[in-house]
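Some notes on the structure that comes next.
In what follows, chains are A, B, ... by sequence order, proteins preceding strands, each numbered from 1. Heavy atoms only: backbone and side chains are in, while hydrogens, waters and symmetry mates are out.
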Amino acid sequence: MSHSLHRYGPVESLRGDYCIYARAAKGVNRGEGVGDKLRKILAIYTSSGVVNFGSSHGGKSFSNGLEAEEYAKTLDDSYGIIATFDDRESVKKVLTKAGEANTGISIVVSGLIDEVVKVAHECGLKPHTATLSLGIFGHTEKLPEDDVLEMVTMCGHSLVSTGLIKDVIAKVKAGKLSPEDAALIASKPCTCGIFNTSRCAKKFREILERESERAD
Amino acid sequence: MRIREDKCVGCGACIPYCPVSSIVRDGGKAAVDEDECVDCGVCLRADICPAEAIFMPDECFEYPRAIRMQFSDPGVQHPNFKSWGRGTEEAKTNDVTGKFGRGEYGLLLEFGRPGTGTRLSEIEKVTTVIRNMGLDILKDNPLYGLLEEDLSGRFKPEYLNEKILSGILEFRFGEDELEEALGKLIPLLKDLDTVVSVGLVTRFADDASIPVIGKLAKMGLAVRPNAKINVGLGRPLVDR
C-alpha cells in the first residue's frame, strides 16, 4: 500500500511529520521469531518520542487508548509495525537504535526526502529505495480545500473523512473543542496509528490564529 | 452498512464520519445510501450512535459485495491473498527482496484516494490500457485476483460496479519505458470519475541522489518533497 506516501501539505508542516515502518518480507525474513523482533522495535519507538502507533486488526491506535504492552502481546501473528513521530531527532534516535538492534527487518521512513536522507547518513545508513509521490490526478475537483486535505491525507487508508475534519474545525472555531482534543477525535478512524495528532493540533492552532488575525 | 430506521434517533452524529459521504438525512433519520457505501465500518467503529442503530448486514459479507469491505476496512483480510490493506509490500522490503533493481521502476496508481472511493469500472479504464501496452500488472496485489484470466485487463463483470474506498495497481517497467508509460497513463487519469494518487518506486544512486526526479521534471511531472525511504537496514541485503 502507498499508505503514508501521499501526505499533503507545505514543507514547513511536513517538517513535523514522519512515519517509520518495520516490515518483515514474505519468503525472506518473515516467520518464527518475528514477533520478538517487532516487540524490540516497538520498544525502540516508545522510547524515542513516539506520537502515535496502532493496530488495524485491533481497531485502535495509541492516540485512542491502545497501550504498548497490550499491542506487544499481539505481535506474534504480525509482520510489521508502524509509528508516527513529529521531529527529526526522534527519527534519528529510532534509526540509531534500530541499527544497533540489528533485527534484519526492513525499516522505511516516510517524510521529507532531504531530511530523511540526511538523518540516514548521520546514522551511518545508505538509503536503498525511494517511493516518490507524484501527487493526485484525476477528478481533483472532488478534493477538499488544502487545510482539510492536509489532515485527511494523514490517514493512509482514507478513513478520516472530510466531513469529520470540517466538523471538528467548526467546533474548534466555536471554542467547543481544544485543538488537542479535536486532533484526538480526528485521529479516531485511523486505526493503524499513522495519523499525526501533534501535527493536526498544530494545524488547528494555525487555523484559529488565522481566524483571529482576520477578526482583527 | 445499514442504519436501523426504527432505532435511529436522527441526531446525525454518524454523518460526518463517513469517508464517502454515503450517510444522508432521510425524513428526520440518518440512512445509508448502500450503493455508495464502501462498507469500511468507520461509522460503526466510531461508536458514536447513541441508539446502537448502525450495523453491517449479512449481505455485505456475500460476493460480489464482500470485496467492498476487503478493500475499504484495513482490519479485514483479503481471503485469497492472505493479507490486509490495499496493495503490496511495494518497496517497503525491497532491500531484502530486490523486487525493484537499478534501472527499473514501479508505478503505483491508487484509485479513490483520498476521500472519494472508486468503482472498479473506473480502474478498468486503466487496466485495459496497461495490458494493451504490454505491461504486466504485478500479481502480489489483491486487485489482480479480480481480473479476468484472459489478460485483457478487464475485471470479472460481477465486480465492475462494486465501489471500494481505494485500490492500488502496481506494475514494473524498465528505464527505457518510463516516458512511454507515464506519457500514456497520466493523461488517462483526468477523465476518470475518481482521483488517483500516483507513486513511483526507484532505487537510490550510490551518491544518495534520485536520478529519476530530473527525468520526471523534463516530462513536466513534479515530485512531492516527501517520500517513503527504505533505509537499507533489512538483512540479508539485496543490491541488484
Side-chain angles (χ1 to χ4, degrees), chain A residues 1-2 4-7 11 14 21 23 25-26 28-29 56-57 59 95 98-99 104-113 116-117 120-121 125-140 142-144 149 152-153 157-164 166-167 188-189 191-192, chain B residues 15-19 21 40 42 45-46 74-75 84-87 89-97 100 108 110 112-116 165-166 168 186 189-190 192-204 208 210 216 221-235:
Chain A
M1 71 189 90
S2 44
S4 64
L5 175 61
H6 300 290
R7 291 159 98 88
V11 166
L14 292 166
Y21 297 68
R23 177 85 166 223
K26 197 186 282 185
V28 181
N29 52 17
S56 294
H57 312 160
L95 293 187
I105 288 180
S106 299
I107 301 285
V108 174
V109 182
S110 83
L112 290 170
I113 299 171
V116 176
V117 169
H121 283 159
L125 303 173
K126 187 178 173 189
H128 186 278
T129 307
T131 305
L132 307 171
S133 171
L134 308 191
I136 307 167
F137 295 81
H139 198 157
T140 51
K142 288 176 182 257
L143 297 175
L149 192 59
V152 297
T153 53
H157 293 109
S158 226
L159 298 172
V160 174
S161 71
T162 292
L164 179 61
K166 286 184 173 175
D167 188 62
K188 198 172 176 183
T191 50
C192 70
Chain B
I15 292 174
Y17 279 85
C18 179
S21 304
C40 63
V42 165
R45 283 194 301 279
W84 292 267
R86 314 277 163 80
E89 285 184 14
E90 25 100 350
K92 284 199 277 290
T93 54
N94 199 44
D95 53 351
V96 296
T97 64
F100 303 98
L108 307 164
E110 183 163 7
R113 178 184 165 202
T116 57
L165 196 44
S166 79
I168 305 174
I186 296 287
L189 307 180
K190 71 178 183 339
L192 301 180
D193 187 26
T194 187
V195 293
V196 185
S197 293
V198 178
L200 188 87
V201 177
T202 181
R203 288 292 311 273
F204 275 88
I210 307 175
L216 293 168
L221 292 167
V223 169
R224 297 265 311 137
N226 48 319
K228 278 169 73 169
I229 295 172
N230 180 320
V231 295
L233 271 169
R235 294 292 179 274

Is [X] in contact with chain A via its backbone, its side chain, both, or neither, using a 4.5 Å heavy-atom distance?
X	result
B:Ile229	both
B:Thr194	backbone
B:Val42	side chain
B:Leu192	backbone
B:Leu216	side chain

I'd like to know if the side chain of [X] reaches the main chain of [Y], judged simply by a donor and an acceptor atom lying under 3.5 Å from each other, with no hydrogens or angles considered.
X	Y	result
A:Tyr21	A:Ser4	yes
A:Ser161	B:Pro16	yes
A:Ser56	A:Thr191	no

Based on non-hydrogen pairs under 4.5 Å, which of [options] is most in contact with chain A?
options	answer
B:Thr97, B:Asn230, B:Val196, B:Thr93	B:Asn230
B:Val201, B:Thr116, B:Leu189, B:Asp95	B:Asp95
B:Ala222, B:Pro74, B:Cys18	B:Pro74
B:Arg235, B:Arg203, B:Arg45	B:Arg203

What part of [X] is in contact with chain B, defined as an atom under 4.5 angstrom from a non-hydrogen atom: side chain, backbone, both or neither?
X	value
A:Val28	side chain
A:Lys166	neither
A:Lys188	side chain
A:Leu132	both

B:Ala227 versus A:Thr131, closest heavy-atom pair with distance: CB-O, 3.3 Å
Under a 4.5 Å cutoff for heavy-atom pairs, which residue among [options] has the most contacts with chain B?
options	value
A:Val117, A:Leu159, A:Asn29, A:Val11	A:Leu159
A:Leu125, A:Ile105, A:Val109, A:Asp167	A:Val109
A:Gly163, A:Ala130, A:Ser158	A:Ala130
A:His121, A:Lys142, A:His139	A:His139
A:Leu143, A:Thr140, A:Val152	A:Leu143
A:Leu14, A:Ile107, A:Thr162	A:Ile107

A:His6 and A:Ser133: side chain donor to acceptor below 3.5 Å: yes
Do [X] and [Y] have side chains that approach each other closer than 4.5 Å (heavy atoms only, starting at C-beta)?
X	Y	value
B:Pro114	B:Val195	yes
B:Asn94	A:His128	yes
A:Pro127	A:Val116	no

Rounded distance (nearest 0.5 Å) linking atom [atom1] of [X] with atom [atom2] of [Y]:
X	Y	atom1	atom2	result
B:Ser197	B:Arg113	OG	CZ	5.5 Å
A:Ile136	A:Thr153	CD1	OG1	7.0 Å
B:Leu200	B:Phe100	CG	CZ	9.0 Å
A:Ile113	B:Lys228	CD1	NZ	13.5 Å

